[in-house]
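Order of the sequence lines fixes the chain letters, A, B, ..., with proteins taken first and strands second; residue numbering starts at 1 for each chain.
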Number of protein chains: 2
Amino acid sequence: MKPATDMKNDTSKRILDIAEELLLTRGFNAFSYQHISSALGVRNAAIHYHYPKKTDLGVALIQRYRRRFQRFVEAQGGLTPAQQLERYFTLTDAYFEHDQQICPSGILTTEYQTLPEEMQQQANAFVDEMRDWAVRIAACGREDGSMRYAGTPQAMGVLMLAALQGGLQLARTDQTVLLTLKEQIRALLGLTSPLP
Amino acid sequence: MKPATDMKNDTSKRILDIAEELLLTRGFNAFSYQHISSALGVRNAAIHYHYPKKTDLGVALIQRYRRRFQRFVEAQGGLTPAQQLERYFTLTDAYFEHDQQICPSGILTTEYQTLPEEMQQQANAFVDEMRDWAVRIAACGREDGSMRYAGTPQAMGVLMLAALQGGLQLARTDQTVLLTLKEQIRALLGLTSPLP
DNA sequence: GACACCTTACTAACCAGTAAGTAAAGTTTC
DNA sequence: GAAACTTTACTTACTGGTTAGTAAGGTGTC
């Protein structure tokens, strides 16, 4: 009985999935290969077979985030800036509702100083890509007249990103933070809440 | 040669200072008693004498932050909301300029899930106090007409806090973030930049 | 002599990482 | 198509280092 679809490298992917869960709940320094191996039902060394060093695992994780984010951006090229922002809000909500996870950039920048250099470089690139996207949203929204706000699109993009990153963290001590924050960002952009 | 001033518990305070430095640069999980003892020039067990468990040290750290923040708030009761906000900006800048530290609430909420319960409780109280203060600034600023912004003071306070917390973290990958962010928050509040 | 403040010396647990071996599946060669 | 091999995906067993934490002892000061 062999599966028809290609199951190539199934374990590698499952390791990444478990590692992602651990990264967003506990942080990179606070999870070990033991956590992964016991969750996966294999021995410790099996994880090292797929990702020899923990750094390799970390780099693979960030690269996957970057690919995902790229696809996220491309997948909604046709939407209005406001709609794209709402999609990002939804993404943020999903993180929180999944075990009070925080966003990857939040963990990576917080633990930045203790990360190996390869991970720092990946983190830099990842954060850059996210900021560029946020700025683009703010710029397009102003251009097409759908968003009205003080300051430059650069500043507004950075503010939205920083606020949501900090907000996801603060939500762990008060779960109303996220709702408040989304509503306030809409208000600052001169947007109305999305219809129910 | 004995110092005239009371040096009572000098070591305890120095341990806290070193631990604070480590907390804000590396995070609570990523520093050990070894880091402290070698920085202080004593043996490991000496740290345990002053703070038997690492949790004790963590709780003491947060409690000191709470006392400090309380004093910070009280010390500038007479200032205008805008002036108080600028003081907070200055505080934020100081963190970054000191080894790219991030703010305590950023670390505590990010590592929240891995912290012992006593530290979580202290962190909750600390974040609450900070949020209350931020909201009060926004509320007073609207009342006296010095700040003009969309949304409620509650939402604006949370946004400022979240944005600065996230901004300090993001500044590690791009040091222009903080400057941009401060300017944008001023813009959103209808404030002009402080005179040079 | 009691106390504050440290030391040396230790334990038990955990950590990332490695080496060597194994079983099964896949590939090559005749 | 069967024997010979190579590769994949693990296992067991280990090393060396770090971790928080403890116990017992020493030393100077009031």
(request) Determine, stepwise, if the pair A:D17 / A:R64 fulfils salt bridge (Lys or Arg N to Asp or Glu O under 4.0 Å). (result) CA-CA 10 Å; A:D17 290 340; A:R64 190 168 77 163; 3.0 Å; yes
(message) Closer than 3.5 angstrom, by distance alone: can the side chain of A:Q184 be matched with the main-chain N or O of B:A150 as a donor-acceptor pair?
(response)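 Pair found, side chain donor or acceptor close to backbone of B:A150.
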(request) Before accepting this row, confirm whether a basic side-chain N of the pair B:R186/B:E86 lies closer than 4.0 Å to the acidic partner's carboxylate O. (result)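 Salt bridge present between B:R186 and B:E86.
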(message) Can you tell whether the side chains of B:R131 and B:D128 come within less than 4.0 Å, N to carboxylate O?
(response)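 The answer is yes: the pair qualifies as a salt bridge.
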(request) Starting at CG of A:L16, measure out to CD of A:Q63 and round the result to the nearest 0.5 Å. (result) 10.0 Å
Tell me: [atom1] of [X] to [atom2] of [N], nearest whole Å?
X     : N      : atom1 : atom2 : value
B:Y33 : C:dT8  : OH    : P     : 19 Å
B:D10 : C:dA4  : CG    : P     : 17 Å
A:Q34 : C:dG17 : CD    : P     : 12 Å
B:K54 : D:dT18 : NZ    : P     : 15 Å

(request) Could you go through the salt bridge (Lys or Arg N to Asp or Glu O under 4.0 Å) check for A:D132 and A:R136 one step at a time? (result) CA-CA 6 Å; A:D132 288 350; A:R136 212 154 48 237; 5.6 Å; no
(message) Counting only side-chain nitrogens and oxygens, does A:K53 get under 4.0 Å of the OP1 or OP2 atom of C:dT18?
(response) yes
(request) Verify the contact: side-chain N or O of A:T11 to OP1 or OP2 of D:dA9, cut-off strictly under 4.0 Å; return yes or no. (result) no
(request) Run through A:L57, A:V59, A:L61 and flag the one making a side-chain contact (heavy atoms from CB on, under 4.5 Å) with A:Y51. (result)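 Among A:L57, A:V59, A:L61, the one that satisfies the side-chain contact (heavy atoms from CB on, under 4.5 Å) with A:Y51 is A:L57.
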(message) Give the residues of residues 40-51 of chain A touching DNA chain C, defined as any heavy atom closer than 4.0 Å, sorted by residue number.
(response)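 Listed by number, they are A:A45, A:H48.
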(message) Tell me which residues in residues 12-32 of chain B lie within less than 4.0 Å of DNA chain C, going by non-hydrogen atoms.
(response)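 Correct list: empty, so none.
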(request) Describe, in one word, how the ring planes of A:F69 and A:Y88 are oriented to each other, choosing from parallel (under 30°), tilted (30 to 60°) and perpendicular (over 60°). (result) perpendicular
